[in-house]
Amino acid sequence: MATKLDKYNFKEIESKWQQIWDESGLNRAADSPERDRKFYMLVMFAYPSGDIHMGHFRNYIIGDAIARQQMMKGVDVLHPFGWDAFGLPAERAAIARGIHPHDWTLENVAVSRTTLQKVGISYDWSREVTSCLPDYYKWTQWIFVQLFKNKLAYRKRGFVNWCPEDKTVLANEQVKDGKCERCGTAVIKKDQEQWYFKITAYADRLIDDLDTLPGWPENVKTMQREWIGRSYGAEIDFVIEETGEKLPVFTTRPDTIYGVTFMAIAPEAEIVDRLNLEGEFKEKVIDYQRKALARSDIERAAVTEEKDGVFTGKYAINPFNGERVQLWVADYVLAGYGTGAVMAVPAHDTRDFAFAKKYEIPIKVVIHPDANTTLDVSEMDDAFVEYGPMVNSEHFDGLAGKEAITSVTEHAQKQGIGRAKVNYKLKDWSVSRQRYWGCPIPIIHCQKCGLVAVPEDELPVLLPRVKDYIPKGRSPLADVPDFINVGCPECGGEARRDPDTMDTFVCSSWYYLRYIDPHNDSEPFSKDKAARWMPIDYYIGGITHATGHLIYFRFFHKFLQDIGWVDTPEPATRLFNHGMVMDSKGEVMSKSKGNAVSPITLTEERGVDVARLAMFFTAPSEKEVLWSDDSVTGVEKFAISRFYPLIGLYRGSNPDLKQYFKREDLNEYEWGLYIKLNQTIKKVSESFDRLQFNTAVAALMELTRDFVPDRVSNTVLNDSVILKAVQLAAPMIPHMAEEMWQQAGCKGSVLKSGWPGYDPEAVTGDEIEIAVQVNGKLRDSVMVAADADQETVEKVAFESPKVLRFTENKEIVKKIYVKGRILNIVARG
RNA sequence: GCGAAAGUGGCGGAACUGGCAGACGCGCUGGAUUUAGGAUCCAGUGCCGCAAGGCAUGGGGGUUCAAAUCCCCCCUUUCGCACCA
């Protein structure tokens, strides 16, 4: 019963199916799935900006296609969505428009949600999570308290990254090239007391467990390893000559200890204040410190040959040989790494070499390239930084490389003047923000009791609605007496709430667990449900989060594992970074550039499924897309004029889709078509596995092209081809597929109809084409039976005149046959 | 500077694990249809060549019967880290 075909009315069809899905609860995830029959598909938490752009659209439809295919495979799918709703953008937009951040954010959430619903992504909206609402941030605060109780949230005074424009502290991960990641303003150093999370306590596990994540892209793992930056070495205790204070330094090259000719200390290092500096030296050092602090990070980070510093007039003693070395303050030494001081070995470190040359500090060679080559200081124009045998190093002479390092370190340990030490570039995560629009820190400062966590049964600490939320450089909440003044939970005395709010990366570090149990009001989530749904099977988002969010959320997960809330060491087994969407000239799309193509406009003009198909087809998911209208032309034609009309050719046989055909039941064309169908199923399935939807679309185009119903007399075959094609396309173009499925009279949703398997007996034809090469060059191709052996293939090949032309009068040296593919004849003479 | 990834027609891109390079689509050319344009359909389309054939996967070398794919050197692009002692 071929349906009479109207023009494909996408508007009607899309809203019809979206409504049906909504009513039937198609996308609603099971509460407690079986652990081996579940699939947790997650896209990264989204900031509710009100309009979604092409990049989001691409991200979400990739996740959607995966989720829907899994649903077709019959597993329980969790595919949630939510809003990373606290943070600076809302606050700035609100200030600019004079709307309260709370109202502005919730309006945007509503608009964004409606938009996403219109593009038909299969989110389970009953699990929607919004991080700025108390029922969510109550548990963000709860986690803060757990970290605090476990001594992993602590306060520390020190120099922090400060953005003068946003008037707040930034985490290391939010500083790019010395500038604020958000507004581009040069970041300065500010001395402040702050909350930190002790992520460094997890540094080893965060590095080592990367090896347990084969499903993560190598580049992300590399970036994380480098960001954490573990290096092995030794800490050696130098001694300040005058005060006798120990000055430990970290070095990865203890084998150069006898080559130390000076020490350099970072200008910010505390120890500078305890050196008892005098007279002219004191003035110069203070002046230098002031200058160094005033310099922006960009200037200081610039790697120049010009190292500068000032001599303190003081000396330190090398504990290995008792030598007295000059103590300098120099800003090439980083305060935040190691102990903020370095032992300088000019002969064997490029930076120390440049510094020593400039200030005419002695250079002492203690490593030779090898036993037969010696270094002459007067002829060196750069440091020798490789490993080699130690010289001028007393009883260590002759030792080299690893052995030398171990031996020096062990000696230091025995003498009590040093120890083996591991250092990390990773610093503790600074989480206090002096802004209004964020999750309040659930801590009370009491004069008597110190820092006291807000009791768990009093959470959440509600963010008060205030009129004045404009940042002034200190937290706006500090000026809200009703909020700030509170009784101490321990002694009942007068106390003050912490006025800061949390970095939004805290909110986004655990949201994936809330999705599992979003309405739980007695716990952050149910352990049992988490055990069933975790880990995330596929996590999709931009590469930009490689060293930020993706480290933070691994850290949180490991912490939650340690306190018994989850039972997997890692939150996500498979990570995928989709490519960016650019305009046709390769420039990033943005509103300010005016080159942004809105996915909304596109879907309104051409339909959601056509827009999706165009995005899938134009490039594989990991590559960037240069978007142009031409991307739509071909697929639109295919979808509307080729694929959808297939349903008009359906003959109503209601075939059993699990049934395979036999050779003898089909005519020659039909058997060929059947093979094509099975090849397509195989190809599309493989394309999905690799997230190469472009080739999946191509395969469907080929099948459609090769399908000539006039030549098909077997009605069941005809109908099977159509229905299976609909199934294969369904994850990519769900509305159209549902409509076709229904028009064919099939019961239920195509998205629950099963994912087609291919008939292994029918992926290769009876006859196959074998390429024939002579000396590696293609000369002809011949048709042989699919099961032909080498002898047969050779026989046929040597009948080809095209082949004979190149083999005649020549000696056949060798024949290589690759089954089913190629025959290469090696001829000589 | 260091590290990683990638370079294939006019364009987006195919090519499993070393086995017919250019699937699929855009664009272009010719034809049909149309008052014209658009749309649609058919054919062609890597380069050179009338053909036979030759040459082609950033460039150069190598391994192999066979290389886009593996190895070495160089170039370019993108991304990440940029004084981490």
Exercise for review: Between B:rC42 and B:rC47, how far apart are the P atoms? Round to whole Å, please.
Suggested key: 23 Å

**Study point:** Side chain A:Lys307 and base B:rC83 donor-acceptor under 3.5 Å
**Key:** yes

Check your understanding: Are the charged groups of A:Arg705 and A:Glu702 less than 4.0 angstrom apart, N to O?
Key -> yes

Exercise for review: Ignoring the backbone of A:Tyr337, work out which of B:rC20, B:rA85, B:rC65 is nearest its side chain.
Suggested key: B:rA85

Review point. What about A:Arg821: does its side chain form a donor-acceptor pair under 3.5 Å with the base of B:rC16?
Key: yes

Exercise for review: Decide, yes or no, whether a salt bridge links A:Asp211 with A:Arg225 under the criterion of side-chain N to carboxylate O below 4.0 Å.
Suggested key: yes

Could you write out each protein N or O paired with an N or O of nucleotides 52-55 of chain B at a distance under 3.5 Å?
residue: B:rA52; atom: O3'; partner: A:Arg805; partner atom: NH1; Å: 3.2
residue: B:rA52; atom: O3'; partner: A:Arg805; partner atom: NH2; Å: 2.8
residue: B:rA52; atom: O2'; partner: A:Arg805; partner atom: NH2; Å: 2.8
residue: B:rG53; atom: OP1; partner: A:Arg805; partner atom: NH1; Å: 3.1
residue: B:rG53; atom: OP1; partner: A:Arg805; partner atom: NH2; Å: 3.0
residue: B:rG54; atom: OP1; partner: A:Arg779; partner atom: NH1; Å: 3.4
residue: B:rG54; atom: OP1; partner: A:Arg779; partner atom: NH2; Å: 3.1
residue: B:rG54; atom: OP2; partner: A:Arg779; partner atom: NH1; Å: 3.0
residue: B:rC55; atom: OP2; partner: A:Lys777; partner atom: NZ; Å: 3.1

Exercise for review: Look at the side chain of A:Asp630 against the base of B:rC26 and say whether a donor-acceptor pair falls under 3.5 Å; ignore hydrogens and angles.
Suggested key: no

Exercise for review: State yes or no: are the ring centers of A:Phe262 and A:Phe355 separated by less than 6.0 Å?
Suggested key: yes

Please enumerate all protein N or O atoms sitting under 3.5 Å from an N or O of nucleotides 39-48 of chain B, with distances to 0.1 Å.
residue: B:rC41; atom: OP1; partner: A:Arg642; partner atom: NH2; Å: 2.8

Review point. If you look at every strand shown and take non-hydrogen atoms under 4.0 Å, does A:Ser628 touch a base, only sugar-phosphate, or nothing?
Key: nothing

Practice item. Identify whether the glycosidic angle of B:rG59 places it syn (within 90° of 0) or anti. Key: anti

**Study point:** Separation between the P atoms of B:rG80 and B:rA15, rounded to whole Å
**Key:** 27 Å

Review point. What nucleic acid atoms does A:Thr618 come within less than 4.0 Å of, heavy atoms only: base, sugar-phosphate, or nothing?
Key: sugar-phosphate

Exercise for review: In whole angstrom, give me the gap between the P atoms of B:rG10 and B:rA5.
Suggested key: 29 Å

**Study point:** Residue from A:Val772, A:Val774, A:Ile825 passing side chain to side chain contact (heavy atoms under 4.5 Å, CB included) with A:Arg779
**Key:** A:Val774

